[in-house]
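A quick write-up on the structure given underneath.
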Amino acid sequence: MIHTLAAAMSNQLQNTSSLNWLNWNLQDDRNSSPVRTSDLRPVPVNPWDIALCVTGTLISCENAIVIAILFYTPTLRAPMFILIGSLAFADLLAGLGLILNFIFTYMLRSDFVSLISAGLLIAAFSASVCNILAITVDRYLSLYNALTYHTERTVTFTYMMLVCLWLTCIGLGLLPLLGWNCVEDGSTCSVIRPVTKNNAAVLAVTFLLIFALMMQLYLQICKIAFRHAQQIAVQHQFMATSHASSTTKGVSTLSIILGTFALCWVPVAMYALVADSSYPLIYTYATVLPATCNSVINPIIYAFRNPDIQKSLWLACCGCVPSNFSLRPRTSSDV
């Protein structure tokens, strides 16, 4: 009898202990607890996040090559190459930011690290866009002030301009950490958490203004290039066909640059203006991924097409330059 009563009491204590353990692990998030089952449960990996991480890895590798070439080639110190190096560094940070964002999302989940990741990505991609604008302005000035360009555009002036550019972009990146975020109030979130809707709208409008300025500058570049080609054609009739072909090639290059930039960035900018956090997340991924791909294309457009960088790349890879490779001097038509 005593043994039976003791066994029954033991079973009751075990059941009570099991219920207490279950209640401890399933309690509401509002109660404080050292460990919750939601923290221990593995988060399923989103294929879109994998695509962004792979894109970030590719961005990092490409731009690291560009930076290494510019750093180890003493002859590539002109203002144009400094701007290309700054663009490559911005894209490199953007690629590393995408990788870190993947790590933070699935391994170090907290509001603080999400703010750090968001700030790094905002600063890096803002610097990438601003550096593209700086390169556009530099190309315009090289044609508009062709005679005085090399005396006015000194290396010191270029460095000062880049310092101002980077300080502005770093300031934008610090905004989420300084309180411009939607961590406390999820209703104010934009399509890109933890950026607020107002901040996302400001960034989107700023980008659209930069894109409009780039279009205007490239239109002026085309006009100057055509005018130079016509003047040369009048002076040298026998060279008219070659210069017309060169000018057409330059205009085609500008169209590719602007078209690629627009296809990559305009969708996410427009979407950030009209959408909010209630929209399906897949739309955000579908617009953000092409924007990140712009940093994959930038080294191809601005670095690897340059004959001087191509020569340095050949020397670094195989220690020689192909016999059919020629460093033809760039003209105003070769934008």
Side-chain angles (χ1 to χ4, degrees), residues 59-60 62-96 123-173 210 213-214 216-218 220-221 224-225 228 250 253-254 257-258 261 294-295 297-317 321 325-335:
I59 292 171
S60 302
E62 277 187 320
N63 289 281
I65 293 173
V66 175
I67 293 174
I69 291 174
L70 295 176
F71 183 79
Y72 288 106
T73 308
T75 57
L76 303 181
R77 296 292 184 270
M80 176 180 64
F81 296 111
I82 295 173
L83 292 175
I84 292 175
S86 178
L87 173 62
F89 182 68
D91 287 332
L92 175 62
L93 289 181
L96 295 176
F125 282 113
S126 298
S128 178
V129 172
C130 290
N131 274 291
I132 292 175
L133 176 62
I135 291 175
T136 305
V137 173
D138 180 74
R139 289 179 171 182
Y140 171 74
L141 293 177
S142 68
L143 291 175
Y144 185 76
N145 297 324
L147 297 178
T148 60
Y149 169 79
H150 293 287
T151 57
E152 294 177 352
R153 296 286 292 175
T154 61
V155 174
T156 303
F157 176 81
T158 303
Y159 277 122
M160 291 176 59
M161 180 183 65
L162 289 179
V163 168
C164 295
L165 183 154
W166 276 99
L167 288 177
T168 302
C169 295
I170 291 173
L172 291 175
I210 290 176
L213 179 58
M214 285 180 58
Q216 180 64 25
L217 287 173
Y218 274 129
Q220 294 300 320
I221 289 174
I224 295 173
H228 286 185
T253 302
L254 294 183
I257 293 173
L258 276 178
F261 189 74
N294 185 246
S295 295
I297 302 172
N298 283 340
I300 300 173
I301 293 177
Y302 297 100
F304 296 138
R305 289 178 61 254
N306 185 279
D308 298 296
I309 295 179
Q310 287 180 9
K311 179 182 178 181
S312 299
L313 186 60
W314 276 105
L315 290 174
C317 292
V321 180
F325 186 87
S326 62
L327 281 176
R328 181 177 57 87
R330 293 171 64 87
T331 65
S332 60
S333 300
D334 301 327
V335 183

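This is a predicted model, so every value here is computed, not measured. Residue numbers count from 1 along this sequence. Values below: every heavy atom of this structure, side chains too, minus hydrogens, waters and symmetry copies.
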As an exercise, state the distance from [atom1] of [X] to [atom2] of [Y], rounded to the nearest 0.5 Å.
X	Y	atom1	atom2	value
Ser126	Leu172	OG	CG	5.0 Å
Leu315	Ile69	CG	CD1	10.0 Å
Ile301	Ile135	CD1	CD1	10.0 Å
Tyr144	Leu217	OH	CG	12.0 Å
Met160	Leu165	CE	CG	13.5 Å

What I'd like to find out is whether the side chain of Asp91 reaches to under 4.5 Å of the side chain of Glu62, using heavy atoms alone.
no

Is the shortest heavy-atom distance from the side chain of Phe261 to the side chain of Val129 under 4.5 Å?
yes

Counting only N and O atoms by type, is there a donor-acceptor contact under 3.5 Å from the side chain of [X] to the main-chain atoms of [Y]?
X	Y	value
Asn131	Ala127	yes
Arg77	Leu70	yes
Thr168	Cys164	yes
Ser142	Arg139	yes
Asn63	Ile59	yes
Thr136	Ile132	yes

Can you give me the closest heavy-atom contact between [X] and [Y], atom names plus distance?
X	Y	result
Cys169	Cys130	SG-SG, 4.1 Å
Leu87	Ser128	CD1-O, 3.5 Å
Gly95	Ser60	C-OG, 3.4 Å
Ile84	Ala303	CG2-CB, 4.0 Å
Thr158	Leu83	CG2-CD2, 4.0 Å
Gly85	Ile67	O-CG1, 4.5 Å

Can you list the steps and then say if Asp308 with Phe81 is a side chain to side chain contact (heavy atoms under 4.5 Å, CB included)?
CA-CA 10 Å; Asp308 298 296; Phe81 296 111; 3.6 Å; yes

Residues which pass ring-ring contact (aromatic ring centres under 6.0 Å, His included) with Tyr302, listed by chain and number, not counting sequence neighbours:
none

I'd like to check the ring-ring contact (aromatic ring centres under 6.0 Å, His included) partners of Phe89; sequence neighbours left out, ordered by chain and number.
Trp166

Run the numbers on Asn294 and Phe125 for side chain to side chain contact (heavy atoms under 4.5 Å, CB included), then give the verdict.
CA-CA 10 Å; Asn294 185 246; Phe125 282 113; over 6 Å; no

Apply side chain to side chain contact (heavy atoms under 4.5 Å, CB included) to the pair Leu313 and Ile65, showing each step before the final yes or no.
CA-CA 9 Å; Leu313 186 60; Ile65 293 173; 4.1 Å; yes

